[in-house]
Amino acid sequence: MPELPEVETVRRGLEAAMRGARIVNVELRRRDLRFPFPKNFAARLAGRKVGNLWRRAKYILVELDDGHILVLHLGMSGSFRIEDKKQARTPGSFYHAHAKDIAHDHVVFRLSTGQRVIYNDPRRFGFMNIVETDKLDADPLFRGVGIEPLGNELNGASLARLFAGKTAPLKTALGDQRLIAGLGNIYVNEALHRAGLSPRRAAGSIARKDGAATERAERLARAIREVLEEAIAAGGSSLRDHRQTNGELGYFQHKFRVYDREGQACPRCGGIVRRIVQAGRATFFCGKCQK
DNA sequence: CCGCGGGCCTGAGAGC
DNA sequence: TGCTCTCAGGCCCGCG
């Protein structure tokens with residue numbers, strides 16, 4: 001499901017339900033997702049009060065009142081939904097409409113508010129962990145994660161510095177989590193189109209020889225920020241699995257200009273959107289106006 | 001170090 | 001209808 005806008009949408013939904021609440025208990029319906037749950041996972045969460053919720057890259061961070069952080073990753077198909085028992089029994093509710101999917105409800109957090117926060121993940125590429133708050137940045141999960149694309153660190157200059165000298169295609173470099181955290185296949189394609197840059201161009205070609213920013217780097221930085229902000233405002237993109245925590249769909253997928261639009265007209269120049277494969281992933285772009 | 005391909009899972013959709 | 005094949009928003013690992 002998730003790239004940065006979808007994860008951010010989920011974070012906001014979880015924050016509304018969890019912040020200030022206490023975790024009464026946690027039911028694990030499997031011993032693993034992508035990885036085994038850490039030892040005593042449920043017991044370590046029971047009784048904890050939830051503080052702030054943050055996002056780093058595509059991870060959701062849940063602050064606990066014992067100096068630890070619950071780390072959540074949605075993988076490709078993870079989602080959370082929040083419900084109380086009344087909702088669960090209401091015909092027409094998300095729970096009812098997708099009853100067959102409850103086979104993939106793997107974790108249930110019961111909160112002091114009476115609500116339940118349920119993690120569903122058919123493909124089980126997601127995972128959860130508990131780390132010490134003080135050691136978060138040093139944790140293997142976060143050591144070496146790149147800059148936040150919505151923070152102040154992303155601009156033409158930083159983009160040029162990160163990409164200078166790289167021979168990898170621009171598309172591949174943009175999706176490299178060690179450089180920029182949180183961009184995935186959809187928004188990389190969309191940002192490149194908005195910036196009018198070819199995904200096949202060498203990443204280093206948006207930097208000057210001395211590593212300074214070119215006009216292309218400035219354009220790309222603006223495009224990344226713009227597409228992410230618009231997508232978050234739209235509640236993310238709903239392709240297969242993504243829903244907001246209240247069960248509602250995001251609708252940014254209707255705003256895609258190239259992603260999954262092979263053979264259709266480029267909304268900017270009328271050229272035909274092409275599909276190629278780079279580093280094993282589909283790339284969509286307009287060969288006419290992306291240079 | 002760098003870039004690429006394969007693998008992890010299940011389900012949806014296309015094509016026959 | 002049902003089978004088979006391909007592909008999917010992420011990420012890790014190993015290879016050359």
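Just so we're on the same page: letters track the sequence lines, and every chain starts at 1.
Using bins of under 30°, 30° to 60° and over 60° for the plane-to-plane angle, the ring pair A/Phe37/A/Phe41 lands in the tilted bin. Classification of the A/Tyr119-A/Phe80 ring pair by plane angle, with boundaries at 30° and 60°, yields tilted.
Each of A/Leu141 and A/Ala282 was assigned the nucleotide of DNA chain C with the nearest heavy atom; the assignment lying further toward the 5' end belongs to A/Ala282.
Applying the salt bridge (Lys or Arg N to Asp or Glu O under 4.0 Å) test to residues at least two apart or on different chains, the pairs with a partner in residues 141-165 of chain A are A/Arg55-A/Glu148, A/Arg56-A/Glu148.
Atom CG of A/Asn152 has 12 or fewer heavy atoms from other residues, nucleotides or ligands within 6.0 Å.
Distance NZ (A/Lys58) to C1' (C/dC11): 8 Å, rounded to an integer number of Å. If you measure from atom CG of A/Leu174 to atom C1' of C/dG10, you get 16 Å, rounded to the nearest angstrom. Atom CG of A/Asp121 is separated from atom P of C/dC11 by 13 Å (rounded to the nearest Å). Rounding to whole angstrom units, CG of residue A/Leu74 and C1' of B/dC9 are separated by 16 Å. A/Leu33 has its CG atom 11 Å from the C1' atom of B/dC9, to the nearest Å. Between A/Leu72 atom CG and C/dC11 atom P the separation is 14 Å, expressed in whole Å. Distance A/Arg281 CZ to C/dC12 C1': 13 Å, rounded to the nearest Å. Look at CZ on A/Phe127: it is 15 Å from P on B/dC9, rounded to the nearest Å.
For C/dT6 and B/dG6, the P atoms lie 13 Å apart once the distance is rounded to whole Å.
A salt bridge does not link A/Asp66 with A/Arg44: every distance from a Lys NZ or Arg NE/NH1/NH2 to an Asp or Glu carboxylate oxygen is 4.0 Å or more.
At a cut-off of 3.5 Å, with distance as the only test, no side-chain donor of A/Tyr251 or A/Ser237 sits close to an acceptor on the other residue.
In this structure, the separation between CD on A/Glu229 and CG on A/Leu4 is 10.5 Å, given to the nearest 0.5 Å.
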Across nucleotides 1-8 of chain B, 5' to 3', mark each nucleotide with B, S or - according to how protein heavy atoms within less than 4.0 Å reach it. -SSSS-BB
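Residue A/Tyr187 is classed as having no contact, given no heavy-atom separation below 4.0 Å to the nucleic acid.
Residue A/His104 has its side chain nearest to B/dG11 when only C/dG10, B/dG11, B/dC9 are considered.
Under the Watson-Crick or G-U wobble criterion, with both distances below 3.5 Å, C/dA8 is paired with B/dT10.
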